[in-house]
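Quick note: numbers below take in every heavy atom, side chains included, and nothing from hydrogens, waters or symmetry partners. In what follows, residues are counted from 1 in the order of the sequence shown. Note that ligands are numbered from 1 as they come in the structure, with each ligand's atoms numbered from 1 the same way.
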Amino acid sequence: MTIQWFPGHMAKARREVTEQLKLVDIVFELIDARLPLSSRNPMIDEVIQQKPRLVILNKMDLADDKETERWIKHFETEGIRAVAINSFEGKGMQTVTKAAKEILAPKIERMKKRGIRPGAIRAMIVGIPNVGKSTLINRLARKNIAKTGNKPGVTKAQQWIKFEKELELLDTPGILWPKFEDQSVGYKLALTGAIKDTVVNMENLAVYGLRFLEERYPDRLEKRYGIQTVGDDIQKVFNTIGETRKTYTQGGEIDYDKVAELIIQDIRSELLGKLTFDFISDNKEKKVDEVTE
Ligand SMILES: Nc1nc2c(ncn2[C@@H]2O[C@H](COP(=O)(O)OP(=O)(O)OP(=O)(O)O)[C@@H](O)[C@H]2O)c(=O)[nH]1
């Protein structure tokens with residue numbers, strides 16, 4: 001299933017999440033650890049409102065550990081509890097349950113004081129396509145209840161999963177739309193596979209990837225491709241990579257489409273190491289823009 005985020009579809013998605021929210025005590029906002037800014041739904045605060053929330057940075061195995069740590073601290077300075085996990089391998093699951101219990105502890109205490117016996121804590125997962133919602137549900141359920149896939153937009157159909165003593169999870173995650181803010185957000189989402197390749201120009205995406213690496217991870221660029229700077233002569237860079245990797249057309253020319261694909265695959269498949277694409281300074285720059293507008 002391909003999700004087309006037309007306005008009607010976005011309104012429906014929001015309505016559905018708002019309905020589901022009434023059923024739960026806490027929201028697990030699932031984001032991609034590589035994109036702690038770009039993989040958040042742009043209206044998430046408005047949608048969730050005052051509901052207690054835990055931000056979960058998934059796919060931590062693919063992200064830069066130092067940056068993930070920084071992001072967790074950053075969320076906490078904003079009053080939002082955050083944890084990092086790898087739901088693919090089931091790493092960090094205890095941090096999710098522990099944090100959820102701690103966030104709700106004051107509420108449970110208040111209920112107890114009023115003589116109300118608290119029931120199980122009920123949670124739901126919310127996130128944009130492909131952040132790993134189904135994978136996490138399966139992990140917490142420890143069996144394959146939810147369907148997963150490696151293409152954006154596969155999640156479906158609703159019941160409660162008891163994933164630990166006193167904790168229950170809605171088996172249907174809330175799927176919200178990604179940001180369409182600017183081109184760089186689009187490129188970052190495409191580089192991590194959150195939006196389909198067909199909606200972006202692969203050569204432009206590869207160039208964006210190279211420039212990003214040059215700016216943030218120049219050592220990796222040099223190690224993998226022997227390139228120190230990308231500069232303005234992109235063709236030269238593509239030629240260098242094409243020659244080293246022997247990416248030729250049948251006529252013996254450099255195959256630029258293949259070089260672009262190769263760069264994107266290298267980025268996606270960790271051949272350039274663990275990468276984080278959003279930096280806390282990106283967030284600050286944006287806030288300054290907003291203030292001056
Ligand atoms: N490396 C890594 N891959 C993950 C992790 N979690 C999920 N994935 C992969 O990410 C892809 C998307 O996972 P899903 O669980 O289908 O994502 P979803 O959010 O349910 O996707 P939609 O159905 O599109 O909303 C799959 O290929 C998963 O194997 C993780 O922690 N690490």
Peer 1: Would R216 count as a cation-pi partner of F279, with NZ or CZ less than 6.0 Å from the six-membered ring centre and within 45° of the ring normal?
Peer 2: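 Yes, R216 sits over the ring of F279.
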
Peer 1: Using a heavy-atom cut-off of under 4.0 Å, does the side chain or the backbone of D61 touch ligand 1, or both, or neither?
Peer 2: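 Looking at D61 and ligand 1, just side chain atoms fall under 4.0 Å.
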
Peer 1: Taking side chain to side chain donor-acceptor pair (under 3.5 Å) as the test, write out the residues that go with E215, two or more places apart.
Peer 2: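 Applying side chain to side chain donor-acceptor pair (under 3.5 Å) to E215 gives none.
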
Peer 1: Looking only at non-hydrogen atoms, which of K91, K133, R139 approaches atom 25 (O) of ligand 1 most closely?
Peer 2: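 Nearest option to atom 25 (O) of ligand 1, by heavy atoms: K133.
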
Peer 1: Looking at L62, which atoms of ligand 1 are within less than 4.0 Å of one of its heavy atoms?
Peer 2: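 The atoms of ligand 1 under 4.0 Å from a heavy atom of L62 are 1 (N).
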
Peer 1: Any pair with a residue in residues 111-122 that passes side chain to side chain donor-acceptor pair (under 3.5 Å), sequence neighbours left out, goes on the list, sorted by first then second residue, please.
Peer 2: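 Sorted result for residues 111-122: R122-E168.
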
Peer 1: Does E89 form a salt bridge (charged side-chain N to carboxylate O under 4.0 Å, His left out) with R139? I'd like the steps, not just the answer.
Peer 2: CA-CA 8 Å; E89 290 174 12; R139 272 289 160 199; over 6 Å; no

Peer 1: Among D25, I121, I26, which residue satisfies the side-chain contact (heavy atoms from CB on, under 4.5 Å) criterion with I103?
Peer 2: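 By the side-chain contact (heavy atoms from CB on, under 4.5 Å) criterion, I103 pairs with just one of D25, I121, I26: I26.
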
Peer 1: I need the atoms of ligand 1 closer than 4.0 Å to a non-hydrogen atom of P129, numbered in the order shown.
Peer 2: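 In order of numbering, the contacting atoms are 24 (O), 25 (O).
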
Peer 1: Look at ligand 1 and say whether G127 reaches it with a heavy atom at a distance under 4.0 Å.
Peer 2: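 For ligand 1, residue contact (heavy atoms, under 4.0 Å) with G127 is absent.
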
Peer 1: Would you indicate which of N58, I125, L176 comes nearest to atom 6 (N) of ligand 1 when only heavy atoms are counted?
Peer 2: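 The option holding the nearest heavy atom is N58.
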
Peer 1: Can you name the atoms of ligand 1, numbered from 1 with element, that are less than 4.0 Å from a heavy atom of N86?
Peer 2: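 Listed by number with element: 30 (C), 31 (O), 32 (N).
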
Peer 1: Looking only at non-hydrogen atoms, which of A63, G90, G132, G92 approaches atom 17 (O) of ligand 1 most closely?
Peer 2: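 Answer by nearest heavy atom: G132.
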
Peer 1: Can you confirm whether the side chains of D278 and S38 place a donor and an acceptor under 3.5 Å from each other?
Peer 2: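 Result is yes, a qualifying pair exists.
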
Peer 1: I need the atoms of ligand 1 closer than 4.0 Å to a non-hydrogen atom of S134, numbered in the order shown.
Peer 2: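 Every atom of ligand 1 under 4.0 Å from some heavy atom of S134: 15 (O), 18 (P), 20 (O).
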
Peer 1: Which one of R220, E270, E67, R268 satisfies the side-chain contact (heavy atoms from CB on, under 4.5 Å) criterion with L275?
Peer 2: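 The side-chain contact (heavy atoms from CB on, under 4.5 Å) with L275 is passed solely by R220 among R220, E270, E67, R268.
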
